[in-house]
Every structure is written in C-alpha cells, then in structure tokens.
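Keep in mind the model is a prediction, meaning the values are calculated, not measured. Protein chains get the first letters and strands the later ones, always in sequence-line order, with residue 1 at the start of each.
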2 protein chains.
Amino acid sequence: MVTIDDVAKRAGLSKSTVSRVINDYPHVSIKKKEKVFEAMKELGYVPNSSARSLRNKKTQMIAVLVPRIMNPFFGQLAESMEIQAAKHGYQLLICQTMYSKETELKHLELLKMRQVDGMILTSIENEWDVVKEYLSYGPMILCNEFEEEATIPTVKFDQIHGGYVATKHLIRQGHKKIAYCTGGQKSNVGQHRRRGFNLALQEYHLSFDERYGFYDAFSIEDGIRIFKHIHQMPDPPTAVFTGSDEVAAGIITGAKEYGVSVPEALAVIGFDNQVITKLMDPKISTVEQPIPFLAKRAVEVMVDRISHKGNDQEVYEYPLELIIRESTVSPIRAVE
Amino acid sequence: MVTIDDVAKRAGLSKSTVSRVINDYPHVSIKKKEKVFEAMKELGYVPNSSARSLRNKKTQMIAVLVPRIMNPFFGQLAESMEIQAAKHGYQLLICQTMYSKETELKHLELLKMRQVDGMILTSIENEWDVVKEYLSYGPMILCNEFEEEATIPTVKFDQIHGGYVATKHLIRQGHKKIAYCTGGQKSNVGQHRRRGFNLALQEYHLSFDERYGFYDAFSIEDGIRIFKHIHQMPDPPTAVFTGSDEVAAGIITGAKEYGVSVPEALAVIGFDNQVITKLMDPKISTVEQPIPFLAKRAVEVMVDRISHKGNDQEVYEYPLELIIRESTVSPIRAVE
DNA sequence: CTGTTAGCGCTTTCAC
DNA sequence: GTGAAAGCGCTAACAG
C-alpha cells in the first residue's frame with residue numbers, strides 16, 4: 001500500500017508538504033506542488049480514509065435511517081439525498097431499520113462510534129426519550145418524520161394540509177361516509193394527516209364512524225385486505241383516504257376483483273404520487289410530496305450542523321399538493 | 001469523547017487488557033474482564049471505528065455499486081444484501097452510478113482509499129479493462145452483471161435460459177412476429193437474454209425482423225414510447241419481449257390508451273416479477289429472478305474473499321422461472 | 001515556504 | 001495473565 005511517506009520520498013519532500021498539497025493549503029510553491037502531483041500520479045496514491053478520519057475526527061459520512069429502501073417513498077428520499085450528499089463531499093450510509101426498534105438502536109450506535117459525522121432520521125421506531133440520548137454523540141436531524149418535543153432541526157411536509165385537502169376533495173365529491181387508512185399509529189406524520197382529515201370533516205359538519213378506521217396499512221396486500229373488509233360491511237363507506245399509493249392500489253385491485261367500480265361505488269385517494277398512480281386503471285388521485293426538495297434541504301441542514309452552523313430549532317416545512325385523477329372523480333358526477 | 005484509555009484508567013488496568021476484553025481474547029481473568037465491562041458500561045464506551053479501521057486495515061464495510069436504488073430490481077438486490085451483510089458484521093455502502101462512467105469510477109476509488117473492504121458490482125458502466133485495474137486494491141466480485149473475461153467470483157442468473165423460456169412461451173402462443181426490447185446494449189445480461197431469445201426463434205425456424213428491435217428501454221415512459229412506435233408500423237409485431245416489467249407496464253398502458261387489447265392484439269412479457277405485474281390489468285406474464293438468493297450468495301462470497309477464502313474463478317448461476325399471467329395468454333386462444 | 005514532531009484511538013508484539 | 005511500547009497513515013502545531 002502506498003502511503004504519504006512514499007509520495008514524500010519520491011518527491012524528495014517532507015510528508016507535511018505532501019499533506020498540504022493534498023488538502024489544498026496555501027503557501028506551497030508551485031514547483032513543489034507539481035512535484036508532489038507527479039509523485040502521486042506515478043505511485044497511484046490515494047489517501048487512506050481511515051487514517052484521515054481518525055486524525056480529522058470526521059468521516060465524511062452521514063447515516064440515513066429509513067424503514068426500508070424498497071418502500072418507494074423512502075427509496076426516492078434516499079436516492080435524492082445520496083445525490084445531494086455527493087455534491088457536498090459526503091458519503092451516505094443508508095441504514096434500514098426494517099421497522100424494528102432493536103435495529104434502529106443498533107444503527108444509532110454508529111454515531112457513538114464516530115463512524116458517521118451525523119444522522120438523518122426519516123422515521124422513528126423507539127420512543128423519543130431513548131433516541132434523544134444519542135444527541136450528545138453528534139448532530140442528528142429529522143427529515144419527514146418529526147417529534148413535537150424534539151429540539152433538533154426538522155425538515156418536513158405539511159401533513160395536516162395534505163390530509164385536509166385530500167379529505168376535502170372527497171367531501172366535495174359528495175362523500176359523507178369516508179374511511180381512513182393509516183400506517184404506524186405512533187408516527188406523527190400519520191397523526192398530522194389524521195388531524196387534517198378531521199379538520200375537513202369538521203368543516204363540513206361530518207362525523208367519523210369508528211368502524212371506518214384501518215391501521216397498519218402499508219402495502220398493496222394491506223389494501224386488498226382492507227377492501228375485502230369494507231366490501232362485507234353492512235353499511236360501507238363510499239370513499240377511502242389512504243396513507244399511501246400502494247394501499248390505494250391494493251384497494252382498487254381488490255375492488256376490481258369483486259366487480260366494485262372505482263370511483264362510482266368507492267372513491268379512493270392515495271398519497272405520494274408514485275408512478276403506480278398513473279399505471280392503475282383508474283389512475284389514482286393522490287397527494288404529491290415533493291421529495292427531492294425535502295432531501296436536498298435535509299442534507300444541507302445536516303452539512304451545516306456538522307460544521308456547527310445553523311441552529312437546533314430550525315424547522316422547514318414543505319407544502320403538499322393534491323393531484324386529481326380518476327380514482328376519485330367519476331366522469332359522470334364530476335363536481336370539482 | 002471516551003477512549004480506551006479512560007476505560008483502562010477507570011478499571012485500574014492497562015489498555016491492552018481492555019482491548020483484549022473488547023476483542024474477546026482468551027487469557028484474561030474473569031475478574032478483570034468483569035471490571036472492564038463495568039467500566040465500559042459506566043462510561044458508555046464504544047470503540048472508535050476509524051481507529052479500529054486504521055489499525056486493523058479493515059473497515060467492515062462493503063461497497064455495492066448499483067445504477068440506481070429506485071430501480072426496483074437493484075433496490076431489492078441492495079435491500080437483501082444489506083440484511084445479509086449485517087448478519088456477517090458488515091455495513092453496506094450503497095453507491096449509485098446513475099448510469100455514469102465517471103460516477104462509477106469515483107466509487108471505485110473507495111477501494112483504493114480503503115474505505116471499504118470489498119466491492120460488489122451489480123452493473124458495469126466502464127470498459128472491463130479500466131475496471132479491472134482496481135482489482136489490485138481489494139476484492140471485487142460481480143453480482144448480476146458479468147464479464148466473460150473477468151477472473152473474479154461471479155454470482156449471476158441464467159439469463160440465456162430466461163430469454164429462451166419467455167420467447168418460447170410467446171412462440172407457443174402462436175406468435176411469429178416478436179419484437180425485442182432491451183436496456184443497455186453493452187450489458188452482458190442483456191446480451192445473454194438476447195441469445196436465449198435467438199435460440200428460441202431458431203428452434204422454431206423463425207427469423208427476427210430488425211425493425212422489431214428496440215434499445216435503451218428501461219422505464220415506463222420508454223415502454224409507452226415503444227408502443228407508440230409499434231402502433232404506427234405498417235406490419236407490426238404481435239408480441240413483445242421486454243427486458244423489464246416496467247417497460248412491459250408502459251407498453252400495456254400505451255396499448256390501453258390506444259384501444260389495443262392485450263394480449264389479443266399484442267402479447268407482452270415482462271422480466272423480474274415485480275409487484276407491478278400483479279397490479280396491471282391484464283396482469284403481466286414475466287420471468288422471475290430470485291433476487292434474495294443472489295444477494296445472499298454474493299455477500300457470502302464477498303465475506304469469504306475478504307478473509308482470503310474461496311477462489312477467484314467461482315461462478316454461481318441461479319435459474320430463472322417463467323410466470324404466466326394474463327398479458328400473454330388470451331383466455332380464448334389459450335394453448336399452453 | 002518547508003520540515004520535524006507529536007499525537008488521533010486502537011491493536012499487537014514482546015517482555016515479565 | 002498483564003503491561004509497556006511501537007506504530008497503522010495522516011494532519012497540524014511549531015520552528016525555522
């Protein structure tokens with residue numbers, strides 16, 4: 001393995017000078033600089049990253065905790081973040097919690113052992129009280145998921161508004177019996193959406209039938225399961241608010257199978273605006289989350305925090321936008 | 001920051017002893033061992049990973065190069081690998097090449113700077129001659145993509161067979177004019193599929209009309225574009241072999257839009273068996289690639305190579321399986 | 001401008 | 001069994 005000493009010897013200089021050239025310091029004569037570059041090229045020298053990390057106490061790596069990469073929302077978030085991080089000279093260590101408290105905890109240790117310079121949480125499995133203990137080991141920020149009492153930078157979507165516009169749209173289509181599907185119940189993202197949902201209901205003086213509440217809905221299979229449940233209810237809802245496009249797709253698939261027409265007999269609205277919304281028949285109405293903006297800002301805030309810039313209280317909120325397609329609007333009774 | 005020295009002091013022992021305990025060495029008296037554990041717990045000590053890496057010349061990290069995480073095939077591959085790597089005590093550094101030669105090259109440097117102990121390539125953008133130069137810096141293996149002249153461990157699918165069974169299925173349905181869509185032309189994965197395709201054609205004494213060849217087909221949009229092209233051909237194909245479920249979904253979406261019935265007027269077969277195949281109407285016939293097996297084996301081989309086990313010539317090949325759904329089989333003229 | 005030197009935190013001979 | 005000491009490859013005072 002070729003080290004900085006080899007380069008120094010080859011160039012007939014000291015390793016400090018070589019180091020200065022590598023790190024682009026001023027006060028190095030052009031001549032010697034060139035000599036160093038030459039020696040580096042000849043030897044194919046690349047600085048050893050562990051040695052640098054140890055010395056600098058910086059690894060140039062940021063951990064991103066996501067539930068799973070395969071979840072399209074988190075996949076897109078991770079992908080956007082990676083591109084952004086590279087621009088700032090950081091590697092991204094993508095860590096899947098697989099919805100497990102233990103796995104999340106294990107990943108949090110990365111901060112303790114200084115394997116990463118900072119940590120971006122896009123979801124939280126453990127209680128905030130346990131997560132916050134890790135704050136003393138390095139900068140942590142929240143992106144997407146959030147926590148009311150957390151005093152760390154947060155980059156999020158306006159989920160209340162998202163839940164509100166989606167529900168209002170359903171109501172305006174004439175629906176009064178609206179079902180609600182959500183993923184994890186602990187998630188504040190989910191809770192805010194629910195608040196938006198309730199807000200719209202209140203505004204139109206509608207009440208929520210508890211029988212219409214469905215939880216732990218994440219996947220297509222969950223959507224199919226929920227449809228089946230709805231289908232055999234004595235007094236079923238006429239519309240469904242879902243927490244994800246996948247669940248909406250599942251419900252539509254179930255409906256197709258049972259010959260229930262969407263949106264005429266059952267309107268369905270998704271969340272995320274994934275490609276699948278345009279592939280389904282009917283195309284799925286949904287709420288778009290501008291993921292790349294969120295990712296970009298999160299990385300920027302993280303990079304700033306690593307260099308002790310910015311402050312812990314900053315909160316960035318991005319708006320959500322309703323996208324109306326076919327799964328909520330019957331060509332016959334279109335109102336909006 | 002609490003270091004091994006702090007622990008040693010607290011426990012009234014030398015840091016060598018503490019190190020021995022951390023690394024689970026024999027020849028440490030039970031008593032002192034306990035003392036060390038106690039001190040570690042009290043101080044909340046976790047070994048610094050950069051220091052360990054520098055000393056051990058091992059980072060316990062493996063880089064995985066994928067084109068993009070959002071591509072469902074590579075996303076699933078990365079997810080499966082991550083889970084497997086964790087079991088062996090390795091972190092996975094997922095690197096996106098974004099189909100760019102330069103970005104790939106940049107990631108290859110990770111091996112040179114010893115930021116990772118090994119590298120798994122799932123795709124190759126640069127010429128093999130330039131990639132192979134990096135072999136001297138650490139173990140590299142191929143997973144999914146492969147290279148005839150490469151002398152490194154390879155874990156792959158039997159793409160020839162995959163192309164063959166899919167095409168044969170189409171022919172058996174009575175098709176003679178079969179179009180062929182593929183992604184990158186340089187990819188050996190694609191070339192082997194093509195060989196399988198040709199094999200089936202030959203077997204049935206059919207010839208391929210060059211007008212029916214489509215390249216750079218990766219996404220849903222590409223599928224739609226290809227359909228439009230086919231649709232306005234004077235003598236269009238009656239079936240399409242695609243290199244991915246997304247392209248198949250795009251073609252079906254295009255067909256729907258133009259009122260062309262699938263599979264009656266145009267049969268379409270996908271590749272991968274992604275969830276989308278079950279969501280589309282008609283459901284997409286496809287070729288399943290058992291990704292988790294591939295991922296598991298790749299990680300195992302990599303871990304072995306890192307500890308100088310196994311040999312460079314090993315090649316593991318996994319079979320591919322045809323899954324027949326609705327996009328190729330008309331309920332009316334079903335033959336198979 | 002450039003070189004010498006002292007560590008970063010850890011593991012590993014080598015003595016005892 | 002245990003400790004002292006050297007050193008992994010690099011950067012950053014500190015001299016000069």
(message) Measure CG/B/Leu54 against C1'/D/dT11 and give the value in whole Å, please.
(response) 13 Å
(request) Anything under 30° is parallel, anything over 60° is perpendicular, the rest tilted; go ahead and classify B/Phe73 against B/Phe157. (result) perpendicular
(message) Side chain of A/Ile22 only, heavy atoms from C-beta on: which candidate in C/dT12, C/dT2, D/dT11 is closest?
(response) D/dT11
(message) Tell me the closest heavy-atom pair linking A/Pro47 and A/Ile22, and the distance in Å.
(response) CG-CG2, 4.1 Å
(request) Take the protein atom CG of A/Asn56 and the nucleotide atom C1' of D/dA13, then report the distance between them rounded to whole Å. (result) 14 Å
(message) Check this one for me: any side-chain N or O of B/Ser19 less than 4.0 Å away from OP1 or OP2 of C/dT11?
(response) yes
(request) Please figure out whether B/Pro26 or A/Val18 has its closest DNA chain D nucleotide nearer the 5' end. (result) B/Pro26
(request) Provide, to the nearest angstrom, the distance between the CZ atom belonging to B/Arg114 and the C1' atom belonging to D/dC10. (result) 15 Å
(request) Rounded off to whole Å, could you give me the NZ-to-P distance for the B/Lys58 and C/dT11 pair? (result) 15 Å
(message) Nearest to the A/Arg55 side chain among D/dG3, D/dT11, C/dT11, which nucleotide is it?
(response) D/dT11
(request) Indicate whether OP1 or OP2 belonging to C/dT11 is found under 4.0 Å from a side-chain N or O atom of B/Lys15. (result) no
(message) Checking side-chain polar atoms at under 3.5 Å, does B/Glu145 have a donor or acceptor matched by the opposite partner on B/Ser187?
(response) yes
(request) Round to a whole Å and report the spacing from CD1 of B/Ile4 to C1' of D/dA4. (result) 14 Å
(message) Counting only side-chain nitrogens and oxygens, does A/Asn23 get under 4.0 Å of the OP1 or OP2 atom of D/dT11?
(response) yes
(request) Rounded to the nearest angstrom, tell me the gap between atom CZ in B/Arg20 and atom P in C/dC14. (result) 13 Å
(message) Let's test your reading of the model: under 3.5 Å, does the base of C/dT4 pair with the side chain of A/Ser16 as donor and acceptor?
(response) yes
(message) Given D/dG1, C/dG9, D/dG3, identify the nucleotide with an atom nearest to the side chain of B/Ser29.
(response) D/dG1
(message) What I want to find out is whether B/Lys296 reaches B/Glu300 closely enough, with some N-O distance under 4.0 Å, to be called a salt bridge.
(response) yes
(request) Please work out if B/Thr17 contacts a base, only the sugar-phosphate, or nothing of the nucleic acid, heavy-atom cut-off 4.0 Å. (result) sugar-phosphate
(message) Given D/dA12, D/dC10, C/dC10, identify the nucleotide with an atom nearest to the side chain of B/Ala51.
(response) C/dC10
(message) Nearest whole Å is fine: how far is D/dT2 P from B/Glu34 CD?
(response) 12 Å
(message) Can a side-chain donor-acceptor contact be found between B/Glu125 and B/Ser100 if the only test is distance below 3.5 angstrom?
(response) no
(message) From the set D/dT11, C/dT12, D/dA4, return the single nucleotide nearest to any side-chain atom of B/Ser14.
(response) D/dA4
(message) Expressed as a whole number of angstroms, how long is the span from B/Met1:CE to C/dC10:P?
(response) 7 Å
(request) Would you please confirm or rule out a distance under 4.0 Å between OP1 or OP2 of D/dA13 and any side-chain N or O of A/Tyr25? (result) no
